[in-house]
Enquirer: 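To start, I am sharing the structure in question, which I have written as structure tokens.
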There are 2 protein chains.
Amino acid sequence: MIINNKIDPEFRYKKMLTKIRESGGRITSHRLALIRLLAASEGHPNATQLYEALRRQFPTISLATIYKTLALLKDEGEVLEIDLHNDSHYDGNKPYSHPHLICTHCNRIFDGDIISGIQNLNQEIEEKCNFQVSRHQLVFYGLCEECQQKVS
Amino acid sequence: MIINNKIDPEFRYKKMLTKIRESGGRITSHRLALIRLLAASEGHPNATQLYEALRRQFPTISLATIYKTLALLKDEGEVLEIDLHNDSHYDGNKPYSHPHLICTHCNRIFDGDIISGIQNLNQEIEEKCNFQVSRHQLVFYGLCEECQQKVS
DNA sequence: TTTATTATTGATAATCATTATCTACAACTA
DNA sequence: TAGTTGTAGATAATGATTATCAATAATAAA
Ligand SMILES: [Mn+2]
Ligand SMILES: [Mn+2]
Ligand SMILES: [Zn+2]
Ligand SMILES: [Zn+2]
């Protein structure tokens, strides 16, 4: 089910469709296409990027539909919103809290869920701060491997 | 210089004034008052909260002035912006990257810089992801000590 | 102290991502 | 196949933050 540090997009696709059906939602062609994109979440796209990607095949699709479907999936816990400065990006492949690495040079967003220290953090916070963590958004800014060479 | 897990506000106040002078900026009464607030940064206020706090003593102060001074101090590295969903909050007491704990019940923002695991994270990211970290924004959402009892 | 220079102010318009609104339409179901 | 109703697309509204600009005040020079 995990391929190349990524959950099988096909599995995620079906899971999202099921969740929508179970909540009484309808499956439209536009939703199908959007969910297919989100299931892979290549590059953690934002609403506009998803809109542009879908516009070719569906010229009549509306940006509002993107936002409404994203909100729906977020409510169902099937999409993670990465809240950046006036620009939300989305991960439908790993809809749970996990760290992200953002390159300040090429602006790409990488998954940082290989990092092992995260689990311990929650526990340390609960012990030292008496704070009960339910979710988190951890963002690290810097230079990705490729850009380190370009910039230096 | 560190009192009660907080940098001496007086020290921060003087440091910010020096930085503004050094960069050719002028010291106005409104800036003085705002910097005094930021140096303590009680509760990590946002622009509107700073505005409301200063309005009593300075009825003619403008929200634009708050934003412009915040941008100036941020450029000088003397204020940390905590970028939340369409609502930036500020820490002028600890202007460097550090974790924050946000209570989803009372909405208060706590400092989480007691946590020791952070230093190790950057190193782990550089090793495992080949990503060179320059700054971060780490936000943990959950229930503060007081609210855990109220909610349960 | 007086004057000249120019950064800063406050009022207000502009921006821009995201939401809300509303009617025609299409997805499900009996 | 028709009826019910959730959804789509167009567009207006929202709201935090920025940009604009003439009047003013902070600083330095005289
Ligand atoms: Mn991700
Ligand atoms: Mn802080
Ligand atoms: Zn890069
Ligand atoms: Zn609380």
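Heavy-atom basis, side chains included; hydrogens, waters and symmetry copies ignored. Keep in mind that this is a model prediction, so the values were computed, not measured. Residue numbers begin at 1 in each chain, while the letters A, B, ... track the order of the sequences.
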Enquirer: Distance check needed: D/dA13 P versus B/N86 CG, whole Å only.
Expert: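 After rounding, the reported distance stands at 20 Å.
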
Enquirer: Could you check A/Q137, A/K74, A/H100 and say which one makes a side-chain contact (heavy atoms from CB on, under 4.5 Å) with A/L80?
Expert: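 With A/L80 as partner, side-chain contact (heavy atoms from CB on, under 4.5 Å) holds for just one option, A/H100.
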
Enquirer: Map A/I27 and B/T69 onto DNA chain C by nearest heavy atom, then report which one ends up closer to the 5' terminus.
Expert: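 With A/I27 and B/T69 compared, the 5'-side residue is B/T69.
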
Enquirer: Report the distance from atom CG of B/N46 to atom P of D/dG15, rounded to the nearest whole Å.
Expert: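 From B/N46 CG to D/dG15 P: 15 Å.
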
Enquirer: Can you tell me how far C1' of C/dA26 sits from CG of A/L32, to the nearest Å?
Expert: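 Going from A/L32 (CG) to C/dA26 (C1'), I get 14 Å.
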
Enquirer: Using a cut-off of less than 4.0 Å, is there contact between a side-chain N or O of A/Y67 and OP1 or OP2 of C/dT18?
Expert: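 Looking at the OP1 and OP2 atoms of C/dT18, one of them is under 4.0 Å from a side-chain N or O of A/Y67.
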
Enquirer: If you measure from the Lys or Arg side-chain nitrogens to the Asp or Glu carboxylate oxygens, is any gap between B/E22 and B/K19 under 4.0 Å?
Expert: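 No.
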
Enquirer: For A/H89 and C/dA17, what is the distance between atoms NE2 and P respectively, to the nearest whole Å?
Expert: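 Answer to the nearest Å: 11 Å.
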
Enquirer: Mind checking if B/T60 touches a base, just sugar-phosphate, or nothing, with heavy atoms under 4.0 Å?
Expert: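 B/T60: backbone/sugar contact only, no base atoms under 4.0 Å.
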
Enquirer: Take the protein atom NZ of A/K74 and the nucleotide atom P of C/dT19, then report the distance between them rounded to whole Å.
Expert: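 My rounded result for the distance is 6 Å.
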
Enquirer: Go through D/dA10, D/dT17, C/dA11 for me and flag the one nearest to the B/S62 side chain.
Expert: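 Between D/dA10, D/dT17, C/dA11, the one nearest the side chain of B/S62 would be C/dA11.
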
Enquirer: Between B/R21 and A/F58, which is nearer to the 5' end of DNA chain D once each is assigned its nearest nucleotide?
Expert: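 Checking each residue's closest nucleotide, the 5'-ward one belongs to A/F58.
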
Enquirer: D/dG6, OP1 or OP2 - any side-chain N/O from A/R31 closer than 4.0 Å?
Expert: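 False: A/R31 side-chain N/O out of range (4.0 Å or more) of D/dG6 OP1/OP2.
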
Enquirer: Please check the phosphate of D/dA16 (OP1 and OP2 only) for any side-chain N or O of B/S88 closer than 4.0 Å.
Expert: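 False: B/S88 side-chain N/O out of range (4.0 Å or more) of D/dA16 OP1/OP2.
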
Enquirer: When all nucleic acid strands are considered with a 4.0 Å heavy-atom cut-off, which category describes A/T48: base, sugar-phosphate, or nothing?
Expert: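 The residue A/T48 makes no contact with any strand.
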
Enquirer: For D/dA25, does OP1 or OP2 lie under 4.0 Å from any side-chain N or O of B/H30?
Expert: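 Checking B/H30 against D/dA25: no side-chain N or O falls below 4.0 Å of OP1 or OP2.
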
Enquirer: Quick one: the side chain of A/K68 and the base of D/dG6, do they pair up donor-acceptor inside 3.5 Å?
Expert: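 There is none.
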
Enquirer: For C/dT6, does the base pair up with any side-chain atom of B/R26 as donor and acceptor (N or O, under 3.5 Å, distance only)?
Expert: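 Yes.
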
Enquirer: Report yes or no: does A/N93 contribute a side-chain atom to a donor-acceptor pair with the main-chain N or O of A/A39 at less than 3.5 Å?
Expert: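 Yes.
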
Enquirer: According to the interplanar angle, ranging from 0 to 90°, do the rings of B/H44 and B/H98 count as parallel (below 30°), tilted (30 to 60°) or perpendicular (above 60°)?
Expert: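 B/H44 and B/H98: tilted rings.
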
Enquirer: Please give, in whole Å, the distance from C/dT18 C1' to A/Y90 OH?
Expert: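 Between C1' of C/dT18 and OH of A/Y90: 8 Å.
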
Enquirer: Supply the atom-to-atom distance B/Y13 OH to B/E78 CD, rounded to the nearest 0.5 angstrom.
Expert: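 Here the rounded value is 14.0 Å.
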
Enquirer: Between C1' on C/dT18 and OH on A/Y51, what's the gap in Å once rounded to a whole number?
Expert: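 Whole-Å distance recorded here is 15 Å.
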
Enquirer: Determine whether a donor-acceptor pair (N or O, by modelled atom type, separation under 3.5 Å) exists between the side chain of B/E126 and the backbone of B/Q132.
Expert: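 Answer holds: no.
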
Enquirer: Rounding to a whole Å, what distance do you find between A/D83:CG and C/dA17:C1'?
Expert: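 Spelled out: CG on A/D83 to C1' on C/dA17 is 11 Å.
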
Enquirer: If only side-chain N and O atoms of B/T65 are considered, is one of them under 4.0 Å from the OP1 or OP2 phosphate oxygen of C/dG10?
Expert: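 B/T65 to C/dG10 OP1/OP2: side-chain N or O found under 4.0 Å.
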
Enquirer: For A/I61 and for B/E81, locate the closest nucleotide of DNA chain D by heavy-atom distance; then report the residue assigned to the nucleotide nearer the 5' terminus.
Expert: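 Looking at the nearest nucleotide for each, A/I61 comes out on the 5' side.
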
